[in-house]
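Encoded as structure tokens, the structure appears first; notes follow it.
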Amino acid sequence: MYNRMKTAAAEIRKLAIQAMAAAGYGHIGGSMSICDVLAVLYEKILNIEPKNPQKKDRDWVVLSKGHSGPALYAALAYKGYFDKKELLSLNKNGTNLPSHCDRLKTRGIDLSTGSLGQGISLGMGAAYGNKIQGIDSYVYIILGDGELQEGQVWEAVQFGAHHNIDNAILIVDNNKRQLDGYVEEVCRQYNLRDKFLSFGYQVFEADGHDTKDIYEKLLKAKATKKPSAVILDTQKGYGCCFAEIEGFNHYMVITEEMAQKAISEIDKRLKRQLC
Amino acid sequence: MLRQKFELDSIEMRRAYCDALIEEAEKNPNIVAVDVDVQYSMGTKPFYERFPNRGINCGIMEAHGIGFSAGLSATGIIPFFHAFGVFATRRAFDQVFLSCAYQDLNVKIIGGDAGVTAAANGGTHMPFEDMGIMRNVPKLTIIEPADSAMYKDAVKFMANTHGNFYMRSNRRKTVRIYNDDARFIIGKANLLKEGRDVAIIACGIMVYQALLAWEMLKKEGISAMVIDMHTIKPIDKDIVRYAAERCKAVVTAENHNIINGLGSAVAEVLSEECPTLLKRVGVKDEFGEVGTQEYLMQRFNLTALDIYKAAKKCLKEV
């Protein structure tokens, strides 16, 4: 089972890198840091039917850090929401795959995001709406650690606790970096765990690049039946060799050559990881 | 459609609004109310009493409240979101734009205390710019009802029409213009008085002032057309063209900044399709201030006399 998730994570990384290389650029750092959690969600957690993306009782994914759309598109293509070839149209004129997630353009995108801080409120609305209609569904909201600087996030967190929105699970991609540099240097977040705890959340922490750990913590979060947050310790650019060594990897120019090297490296690492 | 006699309403506008919302919610279980600590100000408390599980008070969080409403609507719920007009627009604009409109969701935004009706809350709470802000949101429908009959009918329309709406409202008792059974078509203005000299196009509380100005002008033998442009966006271009063709000049009257409100919307149609002399009665790019509604209407030149003077000036210039 874990091999399947590891393989999915590698495939999602490769597809996302190929998509960004076809565009010639992209938000590589934040896309790479969420590939493992996307693999866990789409392989093992979500109740979804790629052939029926509007299924009433589906689980929802809201990528509040919408600039990491290429990773989510890669996950959707990997699961068969649309043809993998379509990934090569990323950011091209008239594409269905814009840099930031758009529910009206992309099959499988539940809500449009891109203005940081808004996805969490949207996700809570979807969770609450499903709940009051008696629909058994979970909404997974993926936030960036830099994004947590937005005040709206904490409005939503407080709201979620007060209204006991237990069918929305917050996932924080704690990759320690934001556009302008390290979060610690731009505007430090203090103790993330304590912040969520103080709002009354159940908090779980996982190695964000260990699919087994992520899977187990997401299951625990679901089992609490309380508002919960899963904080993933991640590395911006993880798994993509050229991004891993780049100081500024939020957004990079990516050539086909760079992509090919990174993909070969992903394959090599995967072989070592598979048990 | 028009009443024989214009009289101050027996109930507050907010009461009429909530009655209408409850009436629609009785028929449609998907309708919910979302408030941001404004149940009393906006008059939605009875909704919460009638439907304890269908009202969500977010607390003081307009940005989240709008985004939350948008998320609700993505699941098929029909949220009516309530906030003071200034905060529903100025404070939560990006949320209205991206969380609601950009993704074609279904949120009905009710912004309270339009213009000078904010009265005692003063300049910080006095929206003279809300329509201007919201006119820039593609596909957003903007409504300002003149009285409680129109308010109720607009609620019914919004409840039964997919899309994002901004309705600027007024919590107070207002002069009744329309009969109880009057019905309105969103996007189609009401021609209240036919005329051939000058056309007065008004919205909200200024419709009554326009009717008073009509009487003043009539006494001097001036034939004025009066139009209630209750839908500011999409504006009824047909009736603007009709007014321009029939009359020598046009006067707009709004409880809002003349920049990017009703006057600007009418000016856009006139200048592009039927150039006609226009005078705009409204707030002349100023901030609001504290005072009674009556004082503020004088202070910002929002009275029937101001409309009358603008009409006379037009006719002198043509």
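Throughout, a chain's letter reflects where its sequence line sits, starting with A, and its residues are numbered from 1. Just so it is clear, the values below take in all heavy atoms, side chains as well, and ignore hydrogens, waters and symmetry mates.
Residue B:V32 touches chain A through its side chain alone, counting heavy-atom pairs closer than 4.5 Å. Residue contact with chain B, scored on non-hydrogen atoms closer than 4.5 Å, involves the side chain of A:K56 exclusively. No part of B:S69 comes within reach of chain A, as not one of its non-hydrogen atoms sits under 4.5 angstrom from that chain.
Environment of CZ in B:R54: crowded, with over 12 heavy atoms of neighbouring residues, nucleotides or ligands closer than 6.0 Å. Around atom NZ of B:K27, more than 12 heavy atoms belonging to other residues, nucleotides or ligands sit under 6.0 Å away. Within a 6.0 Å sphere centred on CD1 of B:I60, heavy atoms belonging to other residues, nucleotides or ligands number 12 at most. By the neighbour-count criterion of 12 heavy atoms within 6.0 Å, atom NZ of A:K92 is densely surrounded, having more than that number from other residues, nucleotides or ligands. Within a 6.0 Å radius of NZ in B:K156, no more than 12 heavy atoms belonging to other residues, nucleotides or ligands are found. Enclosure of atom CG in A:D194 by more than 12 non-hydrogen atoms of other residues, nucleotides or ligands within 6.0 angstrom is indicated. Taking a 6.0 Å sphere around CD1 of B:I185, one finds it holds 12 or fewer heavy atoms contributed by other residues, nucleotides or ligands. In the displayed structure, A:K55 atom NZ is contacted under 6.0 Å by more than 12 heavy atoms of other residues, nucleotides or ligands.
Note on ring orientation: taking the six-membered ring where Trp is involved, the planes of A:Y128 and B:F68 are perpendicular (angle over 60°, cut-offs 30° and 60°).
In this structure, A:Q118 and B:S99 approach most closely via the heavy-atom pair OE1-OG, 2.5 Å. Scanning both residues, B:T75 and A:G129, for their nearest heavy atoms gives OG1-CA, 3.4 Å. In terms of heavy-atom proximity, A:L122 sits nearest to B:A70 at CD2-CB, 3.5 Å. For the residue pair B:A74 and A:L111, the shortest heavy atom distance occurs at CB-CD2, 3.7 Å. Scanning all heavy atoms of the two residues, the minimum distance from B:H64 to A:Q152 falls at CA-NE2, 3.9 Å. Listed here is the closest heavy atom pair of B:I56 and A:H163: CG2-CE1, 3.9 Å.
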TODO: Under the side chain to side chain contact (heavy atoms under 4.5 Å, CB included) rule, what do A:Q133 and B:L72 come out as? Steps first, then yes or no, please.
DONE: CA-CA 11 Å; A:Q133 293 177 85; B:L72 279 175; over 6 Å; no
- [ ] In sequence, state the C-alpha distance, the side-chain angles, and the governing distance for B:M61 and A:Q158, and then conclude on side chain to side chain contact (heavy atoms under 4.5 Å, CB included).
- [x] CA-CA 10 Å; B:M61 39 178 88; A:Q158 185 175 354; 4.3 Å; yes
TODO: Mind running side chain to side chain contact (heavy atoms under 4.5 Å, CB included) on B:D104 and A:L104 for me, showing each step along the way?
DONE: CA-CA 8 Å; B:D104 190 28; A:L104 301 178; 3.9 Å; yes
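Here the OG atom belonging to A:S115 is positioned 5.5 Å from the CG atom belonging to B:L98, to the nearest 0.5 angstrom. A distance of 12.0 Å separates CZ of A:R103 from OH of B:Y102, quoted to the nearest 0.5 Å.
Side-chain contact between B:Q103 and A:T113 is absent, with no heavy-atom pair separated by less than 4.5 Å.
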